[in-house]
Amino acid sequence: MKMIRRSLIVGAVGIGLLTSGLAQAQDIKPRLIRFGYGLNEQSNQGRAAKVLADEVEKLSGGKMKLRTVGAAALGSDVQMQQALIGGAQEMMVGSTATLVGITKEMALWDTPFLFNNTQEADAILDGPIGDKVRAKLEEKGLVGLVYWENGFRNLTNSKKTVAKLEDLNGIKLRVMQNPVFLDTFKSLGANAVPLPFSELFSALETRAVDGQENPFNTILSSRFYETQKYLTVSNHVYSPWIVLVSKKFWDGLSKDEKDVLIKAGKTSRDFERKDTRAEAAKALEDLKSKGMEVTVLRATEAGRMREKLTTINAAIAVNVGMDLWSETQAELARMRK
Ligand code: TK8
């Protein structure tokens with residue numbers, strides 16, 4: 001009897017040692033997360049990616065490790081989205097506009113002149129409407145963690161000053177791979193060509209296209225001023241970025257690991273918006289000093305553009321669903337009162 005008890009105890013200790021040994025082996029090998037993005041390391045996107053990586057490392061006590069890969073080295077937005085869906089890559093950040101082919105509700109954010117300022121953008125994106133749109137990704141194999149700010153988009157080109165609607169005629173303009181952007185700029189009279197961001201710099205350099213549209217930050221960090229002489233401050237749409245996680249990867253995480261990503265995501269978002277806004281506030285001066293000729297679109301001209309785009313808005317409303325559209329308009333009206 002004594003003997004049996006003894007061997008049981010020894011056995012139990014043995015198993016205990018074995019499991020703690022396994023746990024240690026796991027501790028040594030952190031969970032590796034590949035996080036891809038399109039801009040370069042020196043951009044606002046790159047800086048925020050670093051904050052996200054540091055935060056994940058800190059909150060997980062080193063058990064999770066985010067390897068950030070910029071400059072579209074893991075692929076364009078669209079390619080990375082597919083890699084996440086298939087489970088070949090864990091995380092990324094990119095434009096919501098490039099997700100419209102996967103989740104049609106994302107087109108809500110492409111509505112020209114939807115938000116008047118960043119307070120409106122933050123309130124809608126971080127509120128119930130933004131959550132609802134984000135949640136739609138799950139059935140497509142993606143988890144939307146948080147929205148970052150890409151920013152208000154402005155037009156650049158190498159051909160001429162664009163001060164009024166008619167000036168867009170004859171400009172070959174790169175747009176994101178997104179039907180709303182394509183239709184918007186076609187309706188405004190430009191010769192719109194969809195291209196991934198990763199091919200944009202060389203397309204501008206070789207003059208395959210004359211112009212593009214992006215926030216000041218990107219025009220600066222991607223050195224578009226080297227090929228683009230003319231900048232029009234049009235603020236024609238507010239562009240969000242969204243941090244995505246592969247659903248396949250997400251479903252294999254523990255509750256604690258998910259919490260780390262959620263918390264770190266929020267910290268990165270708050271940092272990113274502050275950093276982006278600080279940079280944007282001085283970017284226009286920087287761009288002028290780089291030799292860009294800046295034209296501020298007059299309110300009357302912006303009004304004429306809006307007018308031209310009423311059919312686009314109607315099409316977006318149908319595409320994203322009338323309920324979502326009306327809820328957004330009502331919420332904005334309430335905020336503007
Ligand atoms: C970066 C893009 C970029 C977007 C674009 O991958 O494509 O013009 O504004 O920020 O998502």
Side-chain angles (χ1 to χ4, degrees), residues 34-49 52 68-84 89 91-103 106-107 109-110 112 114-115 121 125 142 144-157 172-182 184-185 190 192-204 208-225 227-228 231 234-244 268-269 272-273 275-276 279-280 283:
R34 282 158 298 181
F35 180 89
Y37 60 96
L39 270 58
N40 60 48
E41 254 180 76
Q42 284 74 41
S43 67
N44 52 339
Q45 210 175 37
R47 290 190 294 272
L52 180 65
T68 58
V69 184
L74 294 181
S76 66
D77 283 8
V78 170
Q79 287 167 333
M80 289 195 287
Q81 289 155 15
Q82 292 307 326
L84 260 63
Q89 183 183 325
M91 285 181 74
M92 65 171 284
V93 65
S95 192
T96 55
T98 53
L99 276 169
V100 170
I102 294 172
T103 298
M106 284 286 160
W109 315 130
D110 302 329
L114 181 67
F115 300 135
L125 289 164
L142 295 167
L145 211 53
V146 278
Y147 294 102
W148 285 1
E149 171 159 302
N150 188 353
F152 282 100
R153 302 180 79 91
N154 295 296
L155 270 170
T156 70
N157 83 94
K172 201 165 173 190
L173 189 81
R174 175 272 176 174
V175 293
M176 289 187 279
Q177 294 159 292
N178 166 296
V180 179
F181 274 82
L182 193 62
T184 297
F185 283 98
V193 202
L195 260 190
F197 184 82
S198 47
E199 287 167 32
L200 180 52
F201 186 86
S202 82
L204 294 170
V209 295
D210 306 315
Q212 63 88 44
E213 41 84 56
N214 253 301
F216 294 146
N217 310 64
T218 300
I219 300 169
L220 195 61
S221 64
S222 291
R223 309 178 77 90
F224 290 159
Y225 55 83
T227 62
Q228 306 278 283
L231 169 63
S234 50
N235 292 316
H236 52 270
V237 68
Y238 176 93
S239 214
W241 279 325
I242 188 164
V243 176
L244 299 171
S268 74
R269 173 193 69 196
E272 195 272 347
R273 285 180 181 160
D275 178 60
T276 297
E279 184 182 52

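Worth knowing before you read on, the calculation uses all heavy atoms, side chains too, and leaves out hydrogens, waters and symmetry mates. Atoms within a ligand are numbered from 1 in the order they appear, just like the ligands themselves. Remember, predicted model here, so these are calculated numbers, not experimental data.
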Side-chain touch Leu173/Leu155, heavy atoms, less than 4.5 angstrom: yes
Gln177 atom CD, over 12 foreign heavy atoms within 6.0 Å: yes
At less than 3.5 Å, what protein N or O atoms come close to the N or O atoms of ligand 1? Include the distances to 0.1 Å.
residue, atom, partner, partner atom, Å
ligand 1, 6 (O), Asp77, OD1, 2.7
ligand 1, 7 (O), Arg174, NH2, 2.9
ligand 1, 8 (O), Arg153, NH2, 3.0
ligand 1, 8 (O), Arg174, NH1, 2.8
ligand 1, 8 (O), Asn214, OD1, 3.3
ligand 1, 8 (O), Asn214, ND2, 3.0
ligand 1, 9 (O), Asn150, ND2, 2.9
ligand 1, 9 (O), Arg153, NH1, 3.0
ligand 1, 9 (O), Arg153, NH2, 3.4
ligand 1, 9 (O), Asn214, OD1, 2.7
ligand 1, 10 (O), Asn150, ND2, 3.3
ligand 1, 10 (O), Trp241, NE1, 2.9
ligand 1, 11 (O), Asp77, OD2, 2.8
ligand 1, 11 (O), Ser95, N, 3.3

For Phe115, ring pair (Phe, Tyr, Trp, His ring centres under 6.0 Å) partners two or more places apart: Tyr238
Validation row: Arg174, Phe197 side chains within 4.5 angstrom (heavy atoms): yes
Residues that Tyr147 engages under ring pair (Phe, Tyr, Trp, His ring centres under 6.0 Å), provided they are two or more places apart: Trp109
Those residues that, when tested against Phe185, pass ring pair (Phe, Tyr, Trp, His ring centres under 6.0 Å) (two or more places apart): His236
